[in-house]
Every structure is written in structure tokens, then in C-alpha cells.
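Right, one structure below, let's go through it.
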Amino acid sequence: MVGTSGGNPFTKEMAIRKRIGNIYNKREEDFPSLRDYNDYLEEVENMICELIEGINVPAIEAKIAQYQKENAEQIMISQARKAEELAAALSKGPFRPDGDTAAAQRSSEAGPSTVVQQGQYAPAIAIGQPRPTQQPVPIGSTHDMFGFEIEEDDEKLRERTERAARAGGWTVEISRKRALEEAFATLWVV
């Protein structure tokens, strides 16, 4: 496999799975029985595992090339069907698990400030909203949004640290109590 040697093993696995999935892309309805379909899936998974582990790679690559040659038309039909399904899904608008596309349409017409119930699709960025043009400033940074360093004295730094802890649900008292409990938990009385 080209470009998958070394590096992150998960990246290698994902690349192999994507490549094999684009070639071996039959569905259950393409088989006469569920048993035949399950055998097909098992064979594909065995090939993927062997490619990931580097076992018998030349023979598997030859088998893949042979399969591509014999099933080129079926592979193209499956890829076209997948593209059509994706286009149809995108043209329907936001995903609604309950299938209520009218409600999805109403919520998309209401604008980006619409409250979305749990379990529903909510786009991260509203359509038509411009993307950020500069790098965001990390929380706790001593630089302003233009990259200039902000001078802070010890009092401002302590206050900012306490506010950050409170925002995370911590208080100074909880921190002190935890420190004391950890310190006394290490003592042994004989």
C-alpha cells in the first residue's frame, strides 16, 4: 500500500479500510441470501486485517486487482449509487431522526439562533455566516487578539486563575480541602 507505511497505525488502518471499502462495496441486496452476504463481509474483513498486519500482502493485492478487473462495472455502479444517495440525503436538508423533514425545514428557515432539541442535527456554523479569518486566542493566554503580550501583575493573574477554576465548577475551598485530604492521606500513624 502506498503512503500507509510507518506513522500512526490508526491512519494506516483507516486508509486500508477506505480503499478496500471502495472496491468491495456490495450490499446485502446484491446477494441471494444473508449467509452469502455474511461470508462476503467476513472475507473482506480478513483481507483488511491481513493487510493491516502485513500478512501475505502480495497475494491479497493480486486478489484485489483480479476482483477489480472482474467487477469493474459493478464497482462503478455501487459508487454511483452511493453518490446518488449522498446527494439525495444532502438535498433533504438537516437530518431528523424522526423523519420530520417539514420540521427540519421550519427550523432551518428560523435561522442559526434556533434552539435544537437533544438528538437532532445542528450545524456547527450557520450557512451564510463568514468563517473566522484569524487564529483564535487560547483561554488563559497572556496575549491579546492581535498577538501583543498583555502585562499582568500577580493580583490579576491570581484573579484570572480563580475565575477559571470557578467557571469549571471549582472553588478555592474545594482546592484547599482536596490538598489537605491528599496530604493527610499519605501520613501513617503508628
*Pairing of E85 and K82 as salt bridge, 4.0 angstrom limit*: no
*Provide the closest heavy-atom pair for K26 versus Y37 in the form atom of the first, atom of the second, distance.*
O-CE1, 4.0 Å
*Could you walk me through whether K177 and E173 pass salt bridge (charged side-chain N to carboxylate O under 4.0 Å, His left out), step by step?*
CA-CA 6 Å; K177 182 179 176 185; E173 292 79 28; over 6 Å; no
*Quick one: does D30's side chain have a donor or acceptor within less than 3.5 Å of a partner on R27's backbone?*
yes
*Quick one: pull up CG in L51 and CG in N46 and give me the separation to the nearest 0.5 Å.*
11.0 Å
_Hydrophobic clusters here meaning ILVMFWY residues chained together by side-chain heavy-atom distances under 4.5 Å, can you tell me if L41 and I23 are in one?_
yes
*asked:* Would you say CD of E73 has more than 12 non-hydrogen atoms from neighbouring residues, nucleotides or ligands within 6.0 angstrom?
replied: no
*asked:* Under a 4.0 Å threshold between the charged nitrogen and the carboxylate oxygen, would E182 count as salt-bridged to R178?
replied: yes
*From R158 atom CZ to R163 atom CZ, the distance as rounded to the nearest 0.5 Å*: 11.0 Å
*Find the distance between CG (D154) and CD (E159) and round it off to the nearest 0.5 Å.*
13.0 Å
*Carefully, step by step, assess Q74 and Y67 under the rule side chain to side chain contact (heavy atoms under 4.5 Å, CB included).*
CA-CA 10 Å; Q74 184 271 331; Y67 181 85; 3.8 Å; yes
*Any chain of hydrophobic side-chain contacts (each under 4.5 Å) joining L34 to Y40?*
yes
*Sub-3.5 Å donor-acceptor pair from the side chain of N22 to the main-chain atoms of R19, do we have one?*
no
*Considering non-hydrogen atoms only, spot the tightest contact between Y24 and I64 and give its length.*
OH-CA, 3.9 Å
*asked:* Could you work out, with side chain to side chain donor-acceptor pair (under 3.5 Å) as the rule, every residue matching Q68, not counting sequence neighbours?
replied: none
*Give the C-alpha distance, both sets of side-chain angles, the deciding distance and a yes or no for side chain to side chain contact (heavy atoms under 4.5 Å, CB included) between E45 and R17.*
CA-CA 9 Å; E45 189 62 27; R17 286 189 179 280; 2.7 Å; yes
*Kindly give the heavy-atom pair with the smallest separation between I55 and I60, and that separation in Å.*
O-CD1, 3.5 Å
*According to a 4.5 Å side-chain heavy-atom criterion applied to Ile, Leu, Val, Met, Phe, Trp and Tyr, with indirect links allowed, do V57 and I52 form part of one hydrophobic cluster?*
yes
*Under the side chain to side chain contact (heavy atoms under 4.5 Å, CB included) rule, what do D39 and E43 come out as? Steps first, then yes or no, please.*
CA-CA 6 Å; D39 290 342; E43 179 184 353; over 6 Å; no
*Electrostatic pair E53:K12 at N-O distance under 4.0 angstrom*: no
